[in-house]
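Heavy atoms only: backbone and side chains are in, while hydrogens, waters and symmetry mates are out. Ligands are counted one by one from 1 in listed order, and the atoms in each one are counted from 1 as well.
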Amino acid sequence: MDQDQLFERLWAGTAAMEEWTAAVSGGAAIPIADGVIAIHTGYLFGNTTAIRTASGLVLVDTGSRETANQMLAALRRWDDSPVHTVIYTHGHIDHSWGAKLFDHEASARGIARPHVIAHRNVLRRFDRYDATHGLNSLVMGRQFNQPGYTFPDQHRRPDAVYDDSLVLTIGGVRIELFHGRGETDDATFVWLPQQRVLASGDFVIWAFPNAGNPRKVQRFAPDWAAALRRMEALKPAALIPGHGPVVFGESRAAQVLGDGALVLESLSRQTLNLMNEGRSLDEILRAVSAPADLLARPYLLPKYDDPEFVVRALWHLHAGWFDGNPAHLKPAPQAELAAELAALAGGAGKLAARAAALADSGRTRLAAHLAELAGAAAPGDNAIQATQARVYEQCAKAETSLIGRAIFAVYQREAQARQRRSTRTT
Ligand SMILES: [Zn+2]
C-alpha cells in the first residue's frame, strides 16, 4: 500500500501501527524537503533524519541496535557522502546506538569519524549506564518481556555538548538545537528553519507520552508540555517524530504538538492542585484522569505508557517517594504482613481463592494484592503459585499499555517457574 494512504488511515485511527511497521520494515527513506529524508525501520525503533549539506551528511539520531544496519543501508541508497555530524535527540539506546556504525564506516574509509553533538546530560546518562548495567538489563528485559535481555555497553559519547540551545551552520544549512526535559533530562529537538522541518525526538512518539515509566529514572511531564508548546510556536511544515510516521502539514503538526501538550498539562495541573490540597497519593490516583477525547487520538493512545503512571511520576517529581500512607513509611516485611493476614483469613489458600474470584470478576487490582499476599505467606505452595500466575495473566490482559502488560506477564512467568520448581521438589 502507498505510504500516503496508509498515513491517512493511521491518522483516522483505522489502521494499527503494526501495519505501518510492516510497511517500513527493512528500512524506508521518506523524502521530507529538498535534501532532507526521514528513515524508518519500525515503530519500536527510533527514526533517523538525514540532511544533505555541502560539507557532508548531518544525521539526527542513528537508530536502534536491532535495525541500525537497515537504517545505514537505506541512507546509503540515498547518498554515499561522509557523515559530517551526528546529533542525538537524547541518549536512549534506540536513538544513539547506531552511531558506532558510522565510526566503523569512517575508519574503513580512512576518513575522520563523525562529530557527535548532544545535550550535556547525555554524558551523565552514559556514565550512569556504565554504573547500572545489570539493573538496566533487568529493567529493559521486564519492560519488553524479554528474558535474558542484555543492555548495550560502550556507548558512543558525544564529542561536543551544549546546555540550552545551539545554532550550527554546516555546509550552508542552518540547524538549530533546543534543550528540553521530557522523557529524559538530556533531550534535544532539532529545527531546520530554512526547510521548516522539526525533528522532535521522543517528545512525539505516536502514543501517549512515555512520562510515567514505572522502572525508569524520573521523567518530567510539565517540562515535556512546555517543550511541545515551544515546538508548536515554530509552526513546522513537517514533524519527524522519534517513533512512527512523519506528520506533514502545518495544521496537523500543530495538532499533534498541541494535543500532546494539552494532555500533559491537564495531568500535571490536576495532580499538583490535589497535592497542594494535601491529598495522599492514593486519593490523587483515584481522582485524576486524562481527558478521554485526547486519549482517543490515534497519536495519543495509551498503548505504551499509562496516564496513571504519569500521575505517580508527577508525585515523585514534586514530593519524593513517600505516598502519605503511614504504614508505608517503615513497613513490616511483606512476608510478616502476609503471614498475619493469612492467619486471620484462615490460611494462605483462602487469600488465593479470593484472589482468583476477584480476578474472574474483573477486579484485577484487588486480586493482585491478595495473590501477592498469598504467595508471600506460603512461598512453597504449588497451587498458590498457579493461582498467582493466573491472576497476573488476567492483570496483563486488563492493561492497555505495553509496559503494564509486560510487567504483569513477567510476574506471571516467574510464578509459573516457581510452580514448576515446587512441582519437581514435591
Ligand atoms: Zn525512542
Side-chain angles (χ1 to χ4, degrees), residues 17-18 20-21 24-25 27-28 38-50 59-68 70-71 86-101 116 118-119 121-122 125-126 128-129 136 139-141 143-144 146 149 151-152 155-156 158 179-190 198-221 223-224 227-228 231 239-247 256-257 260 264 299-306 309-310 313 401-403 406:
M17 199 49 80
E18 289 75 15
W20 180 81
T21 290
V24 302
S25 74
I39 304 173
H40 307 301
T41 60
Y43 178 68
L44 286 177
F45 313 118
N47 291 329
T48 293
T49 301
L59 302 183
V60 181
D61 287 339
T62 58
S64 307
R65 177 167 56 176
E66 295 83 351
T67 59
Q70 296 173 14
M71 182 277 297
V86 166
I87 299 162
Y88 293 155
T89 61
H90 57 303
H92 276 172
I93 54 174
D94 54 330
H95 299 260
S96 62
W97 191 90
K100 59 185 70 177
L101 298 185
V116 177
H119 184 263
N121 286 347
V122 169
R125 168 180 302 281
F126 289 160
R128 179 165 59 78
Y129 282 171
N136 280 328
V139 163
M140 292 290 276
Q143 176 167 325
F144 294 103
Q146 290 177 13
Y149 179 95
F151 200 74
H155 303 278
R156 169 60 156 97
H179 169 55
R181 299 197 304 177
E183 186 184 35
T184 66
D185 66 0
D186 62 354
T188 293
F189 55 92
V190 179
L198 172 70
S200 68
D202 281 358
F203 287 108
V204 178
I205 58 166
W206 273 89
F208 177 80
N210 185 11
N213 195 312
R215 296 293 302 257
K216 297 287 184 72
V217 295
Q218 182 67 53
R219 287 160 180 216
F220 307 94
D223 309 61
W224 191 325
L228 289 168
M231 289 183 237
L239 161 59
I240 305 170
H243 295 258
V246 178
V247 179
V256 169
L257 296 166
L264 291 170
Y299 45 84
L300 286 178
L301 297 173
K303 290 192 302 188
Y304 187 55
D305 204 334
D306 185 312
F309 299 159
V310 177
S401 74
L402 176 148
I403 295 172

Under 2.8 Å from the Zn ion (ligand 1), is there any N, O or S atom belonging to [X]?
X      : answer
Asp202 : yes
His95  : yes
His243 : yes

I'd like the atom name of the N/O/S atom in Asp94 lying closest to the Zn ion (ligand 1).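 Atom name of the closest N, O or S in Asp94: OD2.
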
For Tyr149, is the NZ or CZ atom of Arg65 found under 6.0 angstrom from the centre of its six-membered ring and inside 45 degrees of the ring axis?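 Yes, Arg65 sits over the ring of Tyr149.
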
What residues form a salt bridge (charged side-chain N to carboxylate O under 4.0 Å, His left out) with Asp223, not counting sequence neighbours?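 Asp223 satisfies salt bridge (charged side-chain N to carboxylate O under 4.0 Å, His left out) with Arg181 once adjacent residues are dropped.
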
Give me the atom names and distance for the closest heavy-atom approach of Phe45 to Thr41.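 Shortest heavy-atom contact: CB-OG1, 3.3 Å.
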
Plane angle bin for His90 and His92 - parallel if under 30°, tilted between 30 and 60°, otherwise perpendicular: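 Ring orientation, 0 to 90° scale: perpendicular.
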
